[in-house]
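Take a look at the structure below.
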Amino acid sequence: MLIHAVLGFAVLETLVLAALLVAWADRVAGARLLAAFLVGLSLWMVGNELPNWLGPQTEPVAMRLLSTAPFTSALFFHFCTVFCRVDLGRWGVAAAYGLGGVASVVSIILVPGHLIEHRDIGFIAVADPVGTVASMAWVILGIGGVAVLLHALLRARRLGDGQKFRQIAAVTASCLWGLLCLAGYGIAVLDLPIYPFPLLGLPLYSLILVYGILRYGVFVANAWARRALVWTLLLALGAVVLALTPLLPFESRWLGGLAVAASVMALNGPVRRVAERLVYPGGEVSVADLGAWRSALISAETPEALSQQAATLLSARIGTQVEVHIAPLAHTPLPATSAEPHEQPASTPQLVCNPGEQGWHTTLQGWDAAPPGPRHVAELFGTVVAEAAARVDQAQQFAARERERQLQARLAELGALAATVAHDIRNPLNIISMAVATAPGDTRREVADQVARIANLTHDLLDFAKPWKLAPRELDMAAHVRNAALRLPAVTLGPGLTQPLVLQADPRRVDQALTNLLENARIAMASEVAESAAAGGTTTHATHSPVHIDAETTANAVLLHICDAGPGVPDEIRSRLFEPFASRSPGGTGLGLAIVARIMAAHGGSVVLTERPPWSTCFTLRFPLTATQQLP
């Protein structure tokens with residue numbers, strides 16, 4: 001019978017969809033719960049059809065399979081809460097599983113119903129009192145799941161989250177479709193004088209449910225949907241032509257088959273275009289679309305903002321989640337631990353925008369399953385993104401030049417002031433030092449310390465403010481670091497410094513940066529030891545050396561990590577740590593890290609504060625393997 005073949009296909013289809021959800025569990029919240037629900041649904045369908053497939057002697061097994069329905073509804077309810085991000089707490093979910101589990105166990109033990117024979121669908125299960133109570137349990141859980149979906153649907157609409165709204169709407173629509181299909185069993189149980197045709201639509205329930213969720217998360221799901229829709233429309237077209245062949249003035253199976261084949265071949269292109277427009281709406285791009293995209297992207301001022309806005313526009317246009325990556329601008333250093341966007345594996349379709357010799361250009365990654373329409377949209381959209389990226393790049397270069405001009409003006413003023421102060425302060429310092437020559441030893445030491453501090457500040461001011469250029473040459477960074485580490489005791493070197501690290505750098509300025517960082521580490525460790533001794537405790541580096549230096553090489557840079565186990569960097573100065581006069585130690589001048597940042601910028605690199613447990617403080621120097629070696 002047709003219904004039994006359809007339900008058998010529905011069981012197989014539901015299990016395949018459950019396997020797909022398990023394979024793509026990282027793309028959808030609650031995917032494993034939904035897969036478990038689909039397995040439970042297939043068990044319920046097998047329970048209904050087993051007597052028709054193998055005979056009425058399978059009634060005990062069939063009834064016990066039907067008894068799992070309440071627990072399956074509990075899985076659906078739990079999936080709805082996870083998918084919609086509705087937090088009911090541990091006890092709310094536990095109550096749902098408790099209700100479904102108890103109802104299923106009681107039904108399995110007491111048997112929920114018996115079989116009757118129907119004229120249209122053969123054997124069908126009818127609920128006894130136990131089955132009626134169990135049915136109330138799964139109905140309550142089903143209503144609860146739908147209520148969660150409706151609540152989340154209204155919330156997504158209120159927040160303007162179009163993608164989530166469409167996903168939840170698809171799940172809700174699938175529930176309504178499933179309820180309509182189940183009405184076929186109601187027709188049979190009530191023995192109404194009509195054919196239980198709603199059961200024929202049951203295979204679409206799990207298909208609508210799963211595709212509605214994967215529609216915006218898994219690109220290849222849309223490609224499969226497009227192919228399936230094309231074949232369905234072509235088969236329907238062939239059936240229509242076949243039905244019309246008796247109207248021909250001649251009767252011939254060969255000519256009828258030829259008419260069907262010719263019709264299908266002739267309409268294959270239009271049918272594919274119709275299917276593509278249904279699955280991928282908005283496949284055609286007009287001049288107005290290009291203007292709207294340019295207007296929407298013109299407000300982006302940074303590559304990050306441009307990436308986010310472009311991804312939102314393109315995803316909304318083709319109806320599939322797409323990632324847009326804008327390569328870091330040439331004058332903007334990457335963080336020490338970051339990777340190039342286009343080097344990451346593409347789990348979803350990506351549009352990557354990079355600078356080149358002929359300007360900015362875009363490439364598509366992960367679009368192999370896309371038909372021509374969406375690819376054409378993405379390619380045209382990419383030209384607009386490339387224009388916007390060039391504009392953002394130019395704007396940031398102009399802003400950087402303006403900042404540099406202002407910085408140079410301030411440095412010139414600071415240099416003149418520092419030179420004057422240094423000249424005028426030397427004689428008073430010498431007089432003070434000679435005046436205390438006959439003072440007690442403690443007084444002489446205190447004055448000497450303060451005079452040295454003022455002298456260091458003057459030296460740092462002059463060095464920071466005066467103009468200077470790099471003198472780069474080929475340098476083995478590993479050997480240079482090993483030599484610098486000899487100046488500070490209790491320093492350990494990581495395995496990254498055992499091999500040569502050759503790059504272009506100014507040895508004197510690199511040595512200055514290392515000296516400043518190692519001196520900072522020494523001061524921080526001395527402060528930590530003093531505070532720990534005053535508190536009667538032990539230092540934080542009891543199990544490892546107080547200062548550690550290591551290096552690593554990426555595709556385009558050498559990373560140098562200088563770490564210490566001192567008290568760490570206070571939160572209040574983290575945001576301005578590399579600005580002048582921001583010091584993490586009471587006796588520091590506040591210029592050491594500013595000078596390090598300036599040296600790294602001169603090399604085309606950067607210095608950042610990073611996290612590398614168990615160290616409390618770690619500075620990472622990034623030396624690019626190819627960069628302009630000119631100080632700004």
Side-chain angles (χ1 to χ4, degrees), residues 4 7-19 21-22 30-83 93-116 121 123-146 148 171 174-175 178-179 181-186 188-189 199 202-203 205-206 209-210:
H4 303 315
L7 292 177
F9 173 75
V11 170
L12 179 61
E13 173 200 57
T14 302
L15 292 175
V16 171
L17 291 173
L21 283 172
V22 172
R32 291 184 176 86
L33 286 171
L34 181 58
F37 165 72
L38 292 178
V39 172
L41 179 64
S42 60
L43 291 177
W44 179 82
M45 289 189 288
V46 169
N48 276 294
E49 287 302 299
L50 196 60
N52 295 300
W53 294 341
L54 302 179
Q57 67 273 11
T58 60
E59 178 178 353
V61 177
M63 288 301 166
R64 283 163 176 78
L65 290 176
L66 293 174
S67 298
T68 61
F71 187 78
T72 300
S73 293
L75 288 170
F76 173 74
F77 177 81
H78 190 192
F79 161 74
C80 291
T81 61
V82 174
F83 180 70
V93 175
Y97 278 115
L99 176 62
V102 169
S104 294
V105 171
V106 171
S107 297
I108 290 174
I109 295 175
L110 300 181
V111 183
H114 61 281
L115 295 177
I116 62 171
I121 59 176
F123 293 104
I124 185 173
V126 177
D128 290 338
V130 173
T132 302
V133 174
S135 298
M136 291 176 60
W138 68 257
V139 167
I140 291 172
L141 291 169
I143 293 175
V146 172
V148 170
V171 177
S174 72
C175 294
L179 183 62
C181 295
L182 291 179
Y185 282 113
V189 171
L199 287 174
L202 196 57
Y205 167 63
S206 54
L209 176 61
V210 174

Shortest non-hydrogen contact between Ala125 and Met63, atoms and distance: CB-CE, 3.8 Å
Evaluate side-chain contact (heavy atoms from CB on, under 4.5 Å) for Leu34 paired with Phe83, printing each intermediate quantity in order. CA-CA 9 Å; Leu34 181 58; Phe83 180 70; over 6 Å; no
For Ser206, which residues count as a side-chain hydrogen bond (donor to acceptor under 3.5 Å, both in side chains) partner, sequence neighbours excluded? Glu13, Thr14
Sequence neighbours excluded - ring-ring contact (aromatic ring centres under 6.0 Å, His included) pairs with any residue from residues 43-63: Trp44-Tyr185
Contacts of Val102 that satisfy side-chain contact (heavy atoms from CB on, under 4.5 Å) - sequence neighbours left out: Val106
Looking at Pro112 and Ser107, what are the two nearest heavy atoms and their distance? CD-O, 3.4 Å
Nearest 0.5 angstrom please: Leu179 CG to Tyr205 OH, how far? 10.0 Å
Which residues pass the ring-ring contact (aromatic ring centres under 6.0 Å, His included) test with Tyr97, not counting sequence neighbours? Phe71, His78
Measuring from Arg32:CZ to Leu75:CG, what's the distance to the nearest 0.5 Å? 14.5 Å
Is there side-chain contact between Glu49 and Val11, with at least one heavy-atom pair below 4.5 Å? no
Donor-acceptor pairs are to be reported for all side-chain atoms of residues 55-62 against protein atoms at under 3.5 Å, with residues two or more places apart or in another chain.
unit_1, atom_1, unit_2, atom_2, d
Gln57, NE2, Leu54, O, 2.6
Thr58, OG1, Gly55, O, 2.7
Glu59, OE2, Leu115, N, 3.4

Restricting to non-hydrogen atoms, name the atom on Ala35 and the atom on Val22 that form the minimum distance, rounded to 0.1 Å. CB-CG2, 3.7 Å
Output, in order, the C-alpha distance, side-chain angles, deciding distance and verdict of side-chain contact (heavy atoms from CB on, under 4.5 Å) for Leu43 and Thr72. CA-CA 9 Å; Leu43 291 177; Thr72 300; over 6 Å; no
Validation: residues 127-140 side-chain donor-acceptor distances under 3.5 Å, sequence neighbours left out:
unit_1, atom_1, unit_2, atom_2, d
Asp128, OD1, His114, ND1, 3.0
Thr132, OG1, Asp128, O, 3.0
Ser135, OG, Gly131, O, 2.7

Partner set under ring-ring contact (aromatic ring centres under 6.0 Å, His included) for Phe76, not counting sequence neighbours: Phe37
In Å and rounded to the nearest 0.5 Å, what is the CG to CG distance from Leu141 to Leu99? 4.5 Å
Can you name the closest pair of heavy atoms from Leu199 and Cys181 and give their distance? CD2-O, 3.5 Å
If you define the side chain from C-beta out and look only at heavy atoms, does anything of Leu7 sit under 4.5 Å from Asn48? no
For Ile108, enumerate each residue passing the side-chain contact (heavy atoms from CB on, under 4.5 Å) test, keeping only those at least two apart in sequence or located in another chain. Arg64, Ser67
For Ala188, which residues count as a side-chain contact (heavy atoms from CB on, under 4.5 Å) partner, sequence neighbours excluded? His118, Ile121, Ile124
